[in-house]
Protein chains: 4
Amino acid sequence: MTRRTVEPVDAEDTGTTETKSARTHARLLDAAAAVLAEKGFAGTRLSDIAERAQVQAPAIYYYYPSREHLIEAVISSGAASMRAFLERTLAELPDTATPTDRIAAAVEAHLRHELELSDYARAVVRNANQIPEEFRRAAITEIGGYYEIWRGLVEDLRAAGQLRADVDPSVGRMIVLGSLNWTVEWWDAQRGPIEGVIAVAQSMVLHALRP
Amino acid sequence: MTRRTVEPVDAEDTGTTETKSARTHARLLDAAAAVLAEKGFAGTRLSDIAERAQVQAPAIYYYYPSREHLIEAVISSGAASMRAFLERTLAELPDTATPTDRIAAAVEAHLRHELELSDYARAVVRNANQIPEEFRRAAITEIGGYYEIWRGLVEDLRAAGQLRADVDPSVGRMIVLGSLNWTVEWWDAQRGPIEGVIAVAQSMVLHALRP
Amino acid sequence: MTRRTVEPVDAEDTGTTETKSARTHARLLDAAAAVLAEKGFAGTRLSDIAERAQVQAPAIYYYYPSREHLIEAVISSGAASMRAFLERTLAELPDTATPTDRIAAAVEAHLRHELELSDYARAVVRNANQIPEEFRRAAITEIGGYYEIWRGLVEDLRAAGQLRADVDPSVGRMIVLGSLNWTVEWWDAQRGPIEGVIAVAQSMVLHALRP
Amino acid sequence: MTRRTVEPVDAEDTGTTETKSARTHARLLDAAAAVLAEKGFAGTRLSDIAERAQVQAPAIYYYYPSREHLIEAVISSGAASMRAFLERTLAELPDTATPTDRIAAAVEAHLRHELELSDYARAVVRNANQIPEEFRRAAITEIGGYYEIWRGLVEDLRAAGQLRADVDPSVGRMIVLGSLNWTVEWWDAQRGPIEGVIAVAQSMVLHALRP
DNA sequence: AATGAATGAGCGTTCATTCAT
DNA sequence: CATGAATGAACGCTCATTCAT
């Protein structure tokens with residue numbers, strides 16, 4: 001019995017060679033992410049997770065020693081996934097990409113991952129400060145890493161003389177991230193294609209930061 | 001048994017002429033707002049509220065028929081309070097205030113109210129989508145009204161030819177509000193004076209929206 | 001809400017002035033003692049206790065913070081009661097009572113209390129080594145005190161030259177107490193009057209110890 | 001699937017010719033006896049037994065249809081073992097052995113078996129009355145037989161005019177057995193050599209019974 | 001011969017709620 | 001006006017047991 005360590009976004013390439021155990025485990029983690037994203041930390045019931053994963057609640061204890069461990073695994077996995085997705089996106093940019101290009105790409109990555117791809121990311125974002133300290137132990141490095149990347153993006157912009165003087169880098173970064181994070185609260189597919197939101201967000205973020 | 005309809009921000013000037021009942025009622029609602037703002041909807045326990053209000057839990061039932069009604073009252077009151085605060089702020093602006101001035105004032109009002117003044121506003125903002133539909137019945141008008149004011153602010157900007165063409169008014173408004181709402185997740189007084197955040201936010205919001 | 005500190009043997013003199021709470025509390029503790037005496041530590045279910053006390057199981061939590069605390073209270077109370085009963089019995093003996101007289105009286109006190117009077121004593125005796133260390137914290141002093149009294153009784157016998165030379169005082173004491181403790185496993189009222197057992201036990205104990 | 005009928009005390013000389021199944025079976029029964037002796041009936045978990053026997057819990061069901069049957073087998077086996085051990089001990093005594101000699105030998109056999117040799121005996125003794133009636137069905141004959149032997153020993157003493165008149169044979173027997181049984185609750189090897197306890201017990205028992 | 005995977009029953013506990021006082 | 005006392009529903013979790021492999 002191994003814990004699922006690959007981030008769920010990659011889960012698509014797991015073929016039919018998966019064992020039954022691995023499949024149940026994945027269903028469980030996915031279900032937990034979905035419930036956590038929807039109901040929030042305190043509202044997340046094991047019975048809801050179990051129902052969604054199509055097992056009985058005690059089956060969870062075959063894979064995780066407690067509710068706490070399961071939630072921690074979701075947050076951990078979600079945070080790692082967000083960071084990996086952003087890192088990969090940035091890595092794929094050509095060397096000629098400017099700080100501005102990179103921020104635009106980061107905005108798109110953040111929104112796509114959060115809105116389109118992953119309950120895990122939504123679980124992380126929506127429960128950011130709702131979850132007790134001890135549930136985040138394992139995720140703190142990842143979350144810190146994610147914020148660090150953004151810090152770097154803003155710093156690069158500043159170094160290139162492209163950050164407006166009246167924007168404190170730290171506050172500016174949080175305001176940008178806030179506007180992106182909050183999209184989970186209002187955007188849904190019926191509101192139109194995600195590309196529309198991405199384009200507006202990119203434009204607004206860059207105008208907000210640059211001279 | 002009367003519901004408390006005056007918004008809690010004003011509650012401070014309630015003198016000593018209030019009855020004991022009214023005072024307990026106020027303590028209860030304030031306590032509920034504080035707990036709701038901190039713990040979130042599902043994490044809010046009547047016992048926590050009661051403790052904070054210095055009564056026994058069943059006393060709540062003298063003022064509200066259920067947990068649901070109490071929470072609804074907080075959200076309602078919080079939403080009304082946010083709207084009233086914003087309306088008053090805008091009303092106090094001179095007639096010569098431009099759409100830009102008005103948006104800057106609205107940003108400041110939003111942040112001050114949410115960060116500095118009111119657990120009620122924080123309760124509304126943080127639990128925005130976490131609370132089941134039926135808990136918001138009474139608040140929906142107020143919340144709708146609040147959003148409507150912002151819609152007007154953005155529309156005025158657009159009418160004045162000051163809204164950039166690539167900013168969809170509706171999406172733009174939500175992105176701005178998201179960046180403001182999210183401040184409750186990261187700002188705290190130790191991070192420096194609120195005026196710093198307000199200034200940066202105003203600048204970023206206006207640059208994001210205007211040509 | 002006060003914990004019941006008087007030992008249950010004395011409970012008989014509580015008149016009708018008792019509050020309802022005190023009566024429920026007493027029923028609960030009595031029920032816990034009875035179940036513990038009968039089913040043993042691991043076999044003691046809160047639901048059994050509740051049923052016997054004629055309340056619903058969660059009512060227990062109005063009086064005790066956990067199963068552990070309730071059981072601890074029974075053991076504590078039981079141990080204190082045994083000790084008090086023995087001390088009182090010995091104190092009531094005339095000053096002219098010999099060490100032999102005192103041991104005979106102690107044997108009777110032990111048996112009467114354990115067999116006739118108190119589920120609490122039976123709960124203590126039968127669960128002596130079955131209960132985890134931490135459940136006995138509060139009772140350890142009392143239990144230690146009880147054993148200490150017996151140590152004194154045997155020592156007095158020895159000092160009076162009435163302890164046979166081949167009886168190690170410590171082992172001898174445990175063998176005597178074992179024979180008394182074990183009566184809870186086999187004696188019941190249908191086997192005849194308790195006085196019969198007491199007489200035989202006294203005779204055997206004294207012949208076992210004395211020259 | 002065969003039940004293990006040989007008493008466990010003899011189990012040590014089972015050679016390597018035993019099948020793997022028989023060895024697992026033996027480990028299981030031994031583990032059950034150990035856990036039962038230590039934790040008591042209600043505290044005995046199949047998972048503890050399995051761990052001690054180094055198998056997974058469901059493996060137990062290959063050998064026993066239920067927890068009940070396993071425990072019953074331990075008790076049965078333990079009772080049979082006690083009886084056999086006592087019978088053998090008595091049979092090995094010379095024909096010239098007096099009733100007194102035989103009781104002394106029985107005391108030693110009881111203590112050695114219980115304290116030194118067998119978790120099975122300790123499981124029987126400590127759970128004597130803790131185990132529901134139906135778990136003892138199979139053991140009742142053996143236990144009855146064991147008590148019967150002791151009845152005979154006391155009766156022989158009486159017939160030889162060596163039982164004090166004020167000792168009821170039945171009560172006397174239970175008091176003696178109680179003092180011996182209870183040793184499992186307090187004696188441990190660190191308290192000194194078992195021979196010390198045996199000597200004191202023999203002396204006390206005989207002085208308690210004889211004129 | 002034994003395990004991995006999962007379940008159903010039940011336990012200790014929490015919590016919103018009731019009701020007599 | 002508020003509490004003390006108690007309850008019913010539900011939750012997290014444990015455990016004996018099942019069953020395909």
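What you see is a predicted model; the values in this text were computed from it and never measured. Chain A is the first sequence line, chain B the second, and so forth, proteins listed ahead of strands; every chain is numbered from 1.
Atom CD of A:E51 and atom P of F:dC11 are 11 Å apart (whole Å). If you measure from atom CZ of B:F41 to atom P of E:dA16, you get 11 Å, rounded to the nearest angstrom. Rounded to an integer number of Å, the gap from D:R23 CZ to E:dA1 P is 11 Å. In this structure, B:Q54 places its CD atom 16 Å from C1' of F:dC1, rounding to the nearest Å. Atom NZ of A:K20 is separated from atom C1' of E:dA5 by 6 Å (rounded to the nearest Å). Atom CD1 of A:I60 is separated from atom P of E:dG8 by 14 Å (rounded to the nearest Å). Between the NE2 atom of A:H25 and the C1' atom of E:dA6 there is a distance of 15 Å, rounded to whole Å. A:I71 places its CD1 atom 14 Å from the C1' atom of F:dC13, with the value rounded to the nearest Å.
Distance check: C:L36 CG to C:I75 CD1 gives 5.0 Å after rounding to the nearest 0.5 Å.
Residues meeting the side chain to side chain contact (heavy atoms under 4.5 Å, CB included) test with A:A50, sequence neighbours left out: A:V55, A:A57, A:I60. For the side chain to side chain contact (heavy atoms under 4.5 Å, CB included) test, residues two or more places apart in sequence or in another chain that qualify with B:P58 are B:Q56. Scored by the side-chain hydrogen bond (donor to acceptor under 3.5 Å, both in side chains) test, D:S66 finds D:H69 as partners (sequence neighbours excluded). Every residue meeting the side chain to side chain contact (heavy atoms under 4.5 Å, CB included) condition with B:A31, not counting sequence neighbours, appears here in chain and number order: B:I49, B:R52, B:A53. Scored by the salt bridge (charged side-chain N to carboxylate O under 4.0 Å, His left out) test, A:R122 finds A:D119 as partners (sequence neighbours excluded).
For F:dG8, one of the phosphate oxygens OP1 or OP2 lies less than 4.0 angstrom from a side-chain nitrogen or oxygen of C:Q56. OP1 or OP2 of F:dA2 has at least one side-chain nitrogen or oxygen of B:Y63 nearer than 4.0 Å. Checking the phosphate oxygens (OP1, OP2) of F:dA5, a side-chain nitrogen or oxygen of C:S21 falls inside 4.0 Å.
Under the side-chain hydrogen bond (donor to acceptor under 3.5 Å, both in side chains) criterion, the residue pairs touching residues 33-51 of chain A are A:K39-A:D48, with sequence neighbours excluded. Identified under the salt bridge (Lys or Arg N to Asp or Glu O under 4.0 Å) test for residues 65-78 of chain D, with sequence neighbours left out: none.
Of the residues near DNA chain E, A:T24 and D:T24, the one whose nearest nucleotide (by heavy atom distance) lies more toward the 5' end is D:T24.
Using cut-offs of 30° and 60° on the angle between ring planes, the pair A:H25 and A:Y63 is tilted.
Minimum atom distance to the side chain of C:A59 is reached by F:dA6, of the listed F:dA6, E:dA5, E:dA1. Candidate nucleotides E:dA6, E:dA2, E:dT3 were compared by shortest atom distance to the side chain of A:Y62, and E:dA6 ranks first.
Stem analysis of DNA chain F (Watson-Crick or G-U pairs, both distances under 3.5 Å, runs of at least three) returns E:2-21 with F:2-21.
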Checklist entry - Going 5' to 3' along nucleotides 14-21 of chain F, which nucleotides have protein heavy atoms under 4.0 Å from the base (write B), which only from the sugar-phosphate (write S), and which from neither (write -)? => result BSSBBB--
